[in-house]
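Quick notes on the structure that follows.
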Amino acid sequence: MQLLLYILFYPFIWCISKLPFRALYILSDGICFLVYRVVRYRKKTVRENIALALPHLSLPERIEVERKFYHHLCDLFLEMMKTLSITDEEINARFVYTNIDTYLDLEKKEKSVAMLCAHYNSYEWTISINRKIQFDGIAIYKKINNPYFDRLVHRIRSRFKATLITNKEAIPRISQNARNKHFGLYGFASDQSPRLNAAHHWKNFMGMYVPVHTGGEMLAKKYDMNVAFLKITKVKRGFYEAEIVKVYEEVKQIPNYEISDRFMELVEQQILEAPEFYLWTHKRWKHRKEQV
C-alpha cells in the first residue's frame with residue numbers, strides 16, 4: 001500500500017515541481033479554497049490556537065490571521081514540492097541570507113553550530129544555506145512513516161548538500177562527529193510541543209505555561225556548540241529573507257534552560273510581528289497548565 005501511494009502521488013509531485021512560479025501560486029489559490037472552505041483542514045485546531053495565542057486581537061482580526069495563514073500554508077506546501085526541481089539560481093533569489101558572514105564568523109571559532117529555528121515562514125528552504133557554508137549541514141527531523149516518501153525527502157535535501165538524521169540518530173551522530181573533530185551545522189526546529197514524558201522544562205509562551213523542547217540546548221552544551229537562531233521574514237509571495245542571530249557562545253557557562261528560554265522568546269517575537277506565517281495546525285498548547 002505504501003508503494004502504491006508513492007507511485008500514485010509521485011507523478012503529481014513531479015509535475016507540480018516543474019510548474020513556473022506564477023502557475024504554482026494560481027494553483028495554490030485554488031487548493032487554498034478547497035482546503036479552507038471545503039475540507040476545512042484542521043480549522044477547529046487553527047482557530048482555537050489563534051484564539052489562545054492572540055487574545056488581544058478582535059474576532060475579525062483573528063479570522064483575518066486564519067485566512068492569511070491558510071493561503072501561506074498552501075503556498076508552503078507547493079513550495080516544498082517545487083524544491084524537487086528548483087534551480088540554485090531560483091532558490092538563491094527567493095530565499096536570501098542577509099548576513100551569511102555572521103554564520104561564517106561562527107565557523108572560524110572551530111566549533112559546531114546549533115541553528116535553532118521555528119516552524120515559521122519557509123523553513124523548508126533553509127536547506128539552501130548548505131551551498132554557502134564549509135561545515136556539513138545536518139537537519140534533525142522526524143522520520144516519515146512511508147519509507148518511499150522518506151527517501152524522496154532525503155533525495156531532495158541531498159541536492160543541496162543537506163544530510164537528514166532522525167531524532168534517534170542525532171546523539172550517536174553528533175557524538176561521533178565530536179570525537180572525530182568533524183564540525184557540523186545542526187538544525188533544530190524546536191518550537192513544537194514535546195511529549196509530556198520528555199518535558200524537562202516549562203515556560204510561558206504566547207501567554208501560556210507550556211513544556212518546551214530542550215534537546216537542542218542540551219546537545220549544544222554537551223558538545224560545546226555555538227548557538228544561533230534563524231529569523232525568517234516573508235518579503236512577498238514566494239520571496240523570503242533569513243537573518244542569522246547569534247544567541248550564545250561559550251554555552252557551557254550559560255545556566256540550564258536559558259538558551260531554550262531565549263529561543264522561545266525569539267519565536268514569540270516573530271509570531272507577534274506576523275502571526276499568519278506560524279504553523280497553527282499543530283496543537284502546540286495542548287499541555288498548557290497554570291504556572292506554579
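In this text the structure is predicted, and so the values were computed from the model without any measurement. Any value given below was found using the heavy atoms of this structure, including those in side chains, with hydrogens, waters and symmetry copies removed.
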Tell me the closest heavy-atom pair linking [X] and [Y], and the distance in Å.
X: I86; Y: R159; value: O-NH2, 2.6 Å
X: T281; Y: T45; value: O-CG2, 3.6 Å
X: P194; Y: P211; value: CD-O, 3.5 Å
X: K234; Y: R237; value: CE-CA, 4.0 Å
X: M264; Y: S190; value: SD-O, 4.3 Å
X: N92; Y: K132; value: OD1-NZ, 3.0 Å

Examine the side chains of [X] and [Y] and answer whether a donor and an acceptor come within less than 3.5 Å of each other.
X: Q2; Y: Y6; answer: no
X: N177; Y: Y186; answer: yes
X: Y25; Y: E79; answer: yes

Do the side chains of [X] and [Y] join up, straight or via other hydrophobic residues, at under 4.5 Å, putting them in one cluster?
X: L196; Y: M218; result: no
X: L272; Y: M208; result: yes
X: M115; Y: L266; result: yes
X: F33; Y: F69; result: no
X: Y257; Y: W202; result: no

Are any side-chain N or O atoms of [X] and backbone N or O atoms of [Y], one a donor and one an acceptor, separated by less than 3.5 Å?
X: S85; Y: S17; result: yes
X: S112; Y: G184; result: yes
X: Y97; Y: T126; result: yes
X: N121; Y: F277; result: no
X: K82; Y: L19; result: yes
X: K246; Y: A228; result: no

How long is the straight-line distance from [atom2] of [Y] back to [atom1] of [X], given to the nearest 0.5 Å?
X: I16; Y: T83; atom1: CD1; atom2: OG1; answer: 12.5 Å
X: C32; Y: H72; atom1: SG; atom2: NE2; answer: 11.5 Å
X: I174; Y: I138; atom1: CD1; atom2: CD1; answer: 7.5 Å
X: K231; Y: C117; atom1: NZ; atom2: SG; answer: 14.5 Å
X: I165; Y: R173; atom1: CD1; atom2: CZ; answer: 5.5 Å
X: W280; Y: N49; atom1: CH2; atom2: CG; answer: 6.5 Å

With a 4.5 Å heavy-atom cut-off, do [X] and [Y] have their side chains touching?
X: K221; Y: N256; value: yes
X: F9; Y: F149; value: yes
X: I129; Y: F95; value: no
X: I254; Y: E217; value: no
X: V227; Y: R262; value: no
X: I31; Y: Y70; value: no
X: L185; Y: Y103; value: yes
X: L27; Y: L78; value: yes

Within a reach of under 6.0 Å around [atom1] of [X], are more than 12 heavy atoms found that belong to other residues, nucleotides or ligands?
X: R131; atom1: CZ; value: yes
X: Q134; atom1: CD; value: no
X: N145; atom1: CG; value: no
X: F239; atom1: CZ; value: yes
X: I133; atom1: CD1; value: yes
X: F21; atom1: CZ; value: yes

| field | Candidate pair H287 and V210, rule side-chain contact (heavy atoms from CB on, under 4.5 Å), full reasoning | value | CA-CA 6 Å; H287 298 311; V210 293; over 6 Å; no
| request: Indicate the ring-plane relationship of H119 and H282, choosing parallel, tilted or perpendicular according to the 30° and 60° boundaries. | output: parallel
| query | Which word best sums up how the rings of F205 and W285 line up, parallel for under 30°, tilted for 30 to 60°, or perpendicular for over 60°? | reply | parallel
| message | What verdict does the side-chain contact (heavy atoms from CB on, under 4.5 Å) test give for V247 and L116, after you've listed the backbone C-alpha separation in whole Å, the side-chain angles of each residue and the deciding distance to 0.1 Å? | response | CA-CA 9 Å; V247 179; L116 308 180; 5.7 Å; no
| message | Assess the residue pair Y123 and L76 against the criterion (side-chain contact (heavy atoms from CB on, under 4.5 Å)); give the C-alpha distance rounded to whole Å, side-chain angles, the decisive distance to 0.1 Å, and a yes or no. | response | CA-CA 9 Å; Y123 51 89; L76 180 64; 3.8 Å; yes
| field | Y278 six-ring centre to R284 NZ/CZ under 6.0 Å and within 45° of normal | value | no
| Passes side-chain contact (heavy atoms from CB on, under 4.5 Å), E258 versus Y248? Steps please. | CA-CA 10 Å; E258 186 173 316; Y248 288 107; 2.8 Å; yes
Between [X] and [Y], does at least one N-O distance fall below 4.0 Å, as a salt bridge requires?
X: E268; Y: K203; result: no
X: E250; Y: K111; result: yes
X: R67; Y: E64; result: yes

